[in-house]
Undergrad: 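Shown below is the structure under consideration.
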Amino acid sequence: MSCCTSNNNESISILNKTREAAVCAQTNCASAEESAEAAALSAYAAAVSAGQAAASAALSGIYLGPKATAPTTDNEGNPLQEGMQYFNTTDSVLYIWNGTAWQSSAFNEFTNFTATGSLSSENLVNRFEDIDKVKDFPSYNFLATGTTAPRNLQERFADVTNVRDFGAVGDGVTDDTAAIQAAINYVQSGNWPGGVVFFPAPASGAFTYYKISSPLLVTKSHITLLGEGTEGTSILTSSPTNTLINIIGSTFNEVDHCGIEKLSFGRTVAPTAGIDSIGIYLENTVWAKLIDVKSLNSSTCFKQFDCTASSYQHCTAFRDYDASGATDKFYGFVLTGRSYSTRFTECAALAKPSDIGVSYGAESYGFYTDSEEIRDLFFRACWSDCSWYGYYINGQNVVGPNRVWNVHFLNCTSDTVRVNGWRILNCTNKSQISIIGGWANSSSDSTASAGIYANNVENLAVTGGFQFTGLNGYINFVDHIGFHGIDIKTCAINGNTFVDLGQGILLSKSLGGVTDSVLVANNSFWSNWITPTPQNSAYAIQLDNASNCIVNGNVVNGGINKYDSAIKLLGTSENCLIANNLINPGCSTSLILNTS
């Protein structure tokens with residue numbers, strides 16, 4: 001029993017010592033952990049302190065501290081170095097020295113800045129608003145310079161209808177007929193149609209054109225077809241017969257204020273002989289205006305029927321192909337039906353030069369009218385280079401009296417005349433026709449020609465320094481007449497010049513006709529042709545069966561014996577007064593020959 005008791009006490013003692021040792025070890029461990037943590041914290045604090053010291057040392061050389069005004073040196077009086085900073089206490093902004101000046105570091109969404117390559121500054125708010133608006137840019141309203149009402153791009157683009165927007169290509173290969181007509185139809189649509197159809201010129205600069213295969217059609221008012229010049233914007237067809245464009249109303253004066261500007265219409269082939277292939281056709285229009293328009297290689301380049309107040313300005317009709325024969329006629333400008341108040345200003349009708357003269361047998365007309373009514377027709381500074389007839393007016397289709405009146409030409413010319421520069425027929429009952437200034441030049445063709453030919457005409461005046469010119473050195477010059485009047489009444493040829501013509505002025509009558517009351521005054525005649533002299537039948541003025549005429553104040557001059565007679569009276573010329581004419585005695589075999 002005792003033995004067991006002793007052993008138990010030893011066990012308890014050992015257990016207690018073990019517990020004490022464990023407690024002691026735990027205590028020592030905790031103390032060691034605390035010491036390690038303290039050491040770590042101490043090391044961290046030292047590192048932070050060292051970093052702060054380093055940062056403070058570095059910053060002390062860069063940051064100059066708060067100041068009310070911009071410093072000019074650092075805190076030690078040394079020159080400023082790029083990157084130095086100071087805080088401005090006045091505007092509460094940190095400034096940085098960029099090497100030459102202090103620059104604000106203040107930057108937020110309202111800070112203005114300049115993008116690379118731009119000329120103006122803008123903040124981010126506005127820029128992001130602009131970017132956001134790009135999505136809706138077509139509907140974004142803005143003011144044009146000098147205007148007060150903002151509009152969006154959709155409205156602005158709608159002001160002019162571009163044929164390219166409807167699919168026209170203008171490369172001379174693609175058929176653009178449908179696309180161009182679609183653009184015209186779009187402008188013609190709506191309760192109040194009207195607008196501009198725009199044909200841009202090729203961007204490449206090389207010549208090309210809008211190709212069409214059938215006629216274009218305009219039937220509504222206030223439509224304008226606009227190009228960028230006759231040399232830059234062309235509409236051509238390869239058809240030898242089709243009309244290129246029709247501007248047509250169904251009743252008289254229905255289509256008003258239509259126009260074509262700065263466009264060229266033409267053919268890539270010659271028209272079929274004997275068929276009236278038309279370039280530009282107007283019908284039942286009023287106030288149509290064609291400005292700087294060219295029509296090429298049609299048998300009839302411009303034609304109108306039943307039109308009022310048409311205006312042609314700087315328009316050109318041109319044939320650039322060889323005529324195939326006598327049926328291959330050419331007309332520059334044609335007026336038919338009722339023609340009221342039509343104006344031609346600086347327009348030209350030209351035939352290919354190689355077709356003019358002996359080899360050209362087909363008829364060509366520069367400006368032609370045989371309308372049933374011809375009223376208020378004006379030509380100003382126009383030019384015709386068509387060998388047969390420059391200006392052709394025939395009143396034979398006029399219905400009723402006084403239907404041809406108030407027709408005037410001012411400073412117009414007819415060049416290379418083979419038949420007549422002006423041919424005026426059947427204009428009676430107070431026609432009131434005047435030709436003021438300008439000139440007519442005969443060609444070298446053997447056919448007899450007249451600068452102005454008038455037959456069955458009343459109230460015609462040729463005045464204002466008009467010049468009639470023959471061809472010096474041409475052997476058949478006696479066939480070239482300046483003014484030839486047959487059956488004319490109450491007319492005046494006054495103040496004009498006649499040069500190198502075999503016959504200056506010839507007044508005569510037909511069988512049963514009458515030439516009466518014609519004034520020939522203040523004209524000048526000069527001939528110095530190089531063919532042999534004297535010339536039979538050459539004269540300055542001849543009255544053949546004319547009555548009640550006055551020949552007064554004319555001057556006849558020139559080379560020796562160039563005229564057979566200066567003034568001749570033939571047939572039964574009655575009651576004619578010849579007075580105050582100045583005739584150079586050496587220029588004529590007979591000064592005045594009177595066989596009447």
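Quick caveat, the model's predicted, so the values are computed rather than measured.
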Undergrad: To the nearest 0.5 Å, tell me how far C347 SG sits from W383 CH2.
TA: 13.0 Å
Undergrad: Could you tell me which residues satisfy ring-ring contact (aromatic ring centres under 6.0 Å, His included) with Y453, sequence neighbours excluded, listed by chain and number?
TA: H484
Undergrad: Less than 4.5 Å apart, side chain to side chain, heavy atoms only: is that true for Q188 and V218?
TA: yes
Undergrad: Between V457 and I424, which heavy-atom pair has the shortest distance, and what is it?
TA: CG2-O, 3.3 Å
Undergrad: Check whether any side-chain heavy atom of Q304 lies under 4.5 Å from a side-chain heavy atom of T285, and answer yes or no.
TA: no
Undergrad: So which heavy atom on C427 is nearest to which on I393, and how close?
TA: SG-CG2, 3.9 Å
Undergrad: Using modelled atom types and a 3.5 Å cut-off, is there a donor and acceptor pairing between side-chain atoms of T208 and backbone atoms of D171?
TA: yes
Undergrad: Tell me whether the rings of F344 and Y312 are parallel (<30°), tilted (30 to 60°) or perpendicular (>60°).
TA: parallel
Undergrad: For I493, which of N523, L519, N522 qualifies under side-chain contact (heavy atoms from CB on, under 4.5 Å)?
TA: N523
Undergrad: Please check this pair: side chain of S339 against backbone of L335, looking for a donor-acceptor N/O pair closer than 3.5 Å.
TA: no
Undergrad: Answer whether the closest heavy-atom distance between the side chains of V407 and S431 falls below 4.5 Å.
TA: no
Undergrad: Mark yes or no for whether S311, through its side chain, and L290, through its backbone, hold a donor-acceptor pair below 3.5 Å.
TA: no
Undergrad: Tell me every residue that passes salt bridge (Lys or Arg N to Asp or Glu O under 4.0 Å) with R343, counting only those two or more places apart in sequence or in another chain.
TA: none
Undergrad: Check side chain to side chain contact (heavy atoms under 4.5 Å, CB included) between T463 and all other residues, then give those that pass, not counting sequence neighbours.
TA: I436, N494
Undergrad: For T272, what residues pass the side chain to side chain contact (heavy atoms under 4.5 Å, CB included) criterion, not counting sequence neighbours?
TA: P240, T241, I275
Undergrad: Taking all non-hydrogen atoms of both residues into account, name the closest pair between F483 and I481 and its distance.
TA: O-CG2, 3.5 Å
Undergrad: Using salt bridge (Lys or Arg N to Asp or Glu O under 4.0 Å) as the criterion, list what pairs up with R338, not counting sequence neighbours.
TA: D306
Undergrad: Does NZ or CZ of R319 come closer than 6.0 Å to the centre of the six-membered ring of F330, within 45° of the ring's axis?
TA: yes
Undergrad: Run the ring-ring contact (aromatic ring centres under 6.0 Å, His included) test against Y209 and tell me which residues pass, sequence neighbours left out.
TA: none
Undergrad: Would you say P271 and S298 make side-chain contact, with heavy atoms under 4.5 Å?
TA: no
Undergrad: Report the C-alpha distance between I505 and N496 in whole Å, list the side-chain angles of each, state the deciding distance to 0.1 Å, and finish with yes or no for side-chain contact (heavy atoms from CB on, under 4.5 Å).
TA: CA-CA 11 Å; I505 297 175; N496 307 292; over 6 Å; no
Undergrad: Could you walk me through whether F302 and L282 satisfy the side-chain contact (heavy atoms from CB on, under 4.5 Å) test, starting with their C-alpha distance in whole Å, then the side-chain angles of each, then the deciding distance to 0.1 Å, before giving a yes or no?
TA: CA-CA 8 Å; F302 297 84; L282 310 179; over 6 Å; no
Undergrad: When rounded to the nearest 0.5 angstrom, what distance separates OH in Y368 from OG in S384?
TA: 14.5 Å
Undergrad: Would D176 and V163 count as a side-chain contact (heavy atoms from CB on, under 4.5 Å) if you check the C-alpha gap in whole Å, the side-chain angles of each, and the deciding distance to 0.1 Å?
TA: CA-CA 9 Å; D176 291 325; V163 294; over 6 Å; no
Undergrad: Where do S221 and V255 come nearest, in terms of heavy atoms and distance?
TA: OG-CA, 3.6 Å
Undergrad: Quick one: which residue pairs count as a salt bridge (Lys or Arg N to Asp or Glu O under 4.0 Å) with a foot in residues 257-282, not counting sequence neighbours?
TA: D276-K303
Undergrad: Side chains of F378 and T345: closer than 4.5 Å at any heavy-atom pair?
TA: no
Undergrad: Please lay out, stage by stage, how D320 and N297 fare under the test side-chain hydrogen bond (donor to acceptor under 3.5 Å, both in side chains).
TA: CA-CA 6 Å; D320 190 27; N297 294 341; 5.2 Å; no
Undergrad: Donor-acceptor pair, distance only, cut-off 3.5 Å: does the side chain of T316 make one with the backbone of A348?
TA: no
Undergrad: Would you list the pairs meeting ring-ring contact (aromatic ring centres under 6.0 Å, His included) in which at least one residue belongs to residues 421-441, sequence neighbours left out?
TA: Y391-W422, F409-W422, W422-F466
Undergrad: After noting the C-alpha distance and the side-chain angles of L225 and I184, does the key distance pass the side-chain contact (heavy atoms from CB on, under 4.5 Å) rule?
TA: CA-CA 9 Å; L225 307 186; I184 295 173; 4.2 Å; yes
Undergrad: Below 30° counts as parallel, above 60° as perpendicular, anything between as tilted: where do the rings of Y365 and Y331 land?
TA: parallel
Undergrad: Of all the heavy-atom pairs spanning T268 and S238, show the shortest one and how long it is.
TA: OG1-CA, 3.4 Å
Undergrad: Give the ring-plane orientation class for F498 versus F468, where under 30° counts as parallel, over 60° as perpendicular and anything between as tilted.
TA: parallel
Undergrad: Looking only at heavy atoms, what is the nearest atom pair of I291 and C315, with distance?
TA: N-SG, 4.4 Å
Undergrad: Write out all pairs satisfying salt bridge (Lys or Arg N to Asp or Glu O under 4.0 Å) with one or both partners inside residues 452-464, taking only residues at least two apart or from two chains.
TA: none
Undergrad: Checking H314 now: which residues fulfil side chain to side chain contact (heavy atoms under 4.5 Å, CB included) with it, not counting sequence neighbours?
TA: E346
Undergrad: Nearest 0.5 Å please: distance from the CZ atom of F265 over to the CD1 atom of I212.
TA: 7.0 Å
Undergrad: For E363 and W388, indicate whether the former's side chain and the latter's backbone hold a donor-acceptor pair under 3.5 Å.
TA: no
Undergrad: Given the rule in the side-chain hydrogen bond (donor to acceptor under 3.5 Å, both in side chains) test, do T237 and N242 qualify, once you have shown the distances and angles that lead to the verdict?
TA: CA-CA 8 Å; T237 182; N242 283 345; 4.9 Å; no
Undergrad: Are D487 and N456 close enough that a side-chain donor and a side-chain acceptor fall under 3.5 Å?
TA: no
Undergrad: Do W287 and H222 come within less than 4.5 Å of each other through their side chains, counting heavy atoms only?
TA: no
Undergrad: Are any non-hydrogen side-chain atoms of T161 and F166 less than 4.5 angstrom apart?
TA: yes
Undergrad: Check whether any side-chain N or O of Q181 sits under 3.5 Å from a backbone N or O of L217 as a donor-acceptor pair, and report yes or no.
TA: yes
Undergrad: With a 4.5 Å heavy-atom cut-off, do S264 and L296 have their side chains touching?
TA: yes
Undergrad: Quick one: pull up OG1 in T233 and CG in L226 and give me the separation to the nearest 0.5 Å.
TA: 8.0 Å
Undergrad: How would you list all residue pairs meeting salt bridge (Lys or Arg N to Asp or Glu O under 4.0 Å) that involve residues 223-247, not counting sequence neighbours?
TA: E231-K294
Undergrad: For D175 and T177, test the side chains for any donor-to-acceptor distance below 3.5 angstrom and give the result as yes or no.
TA: yes
Undergrad: Sorted by first residue and then second, give each salt bridge (Lys or Arg N to Asp or Glu O under 4.0 Å) pair with at least one member in residues 244-255; sequence neighbours left out.
TA: none
Undergrad: Is the closest side-chain donor-acceptor distance between S299 and S277 under 3.5 Å?
TA: yes
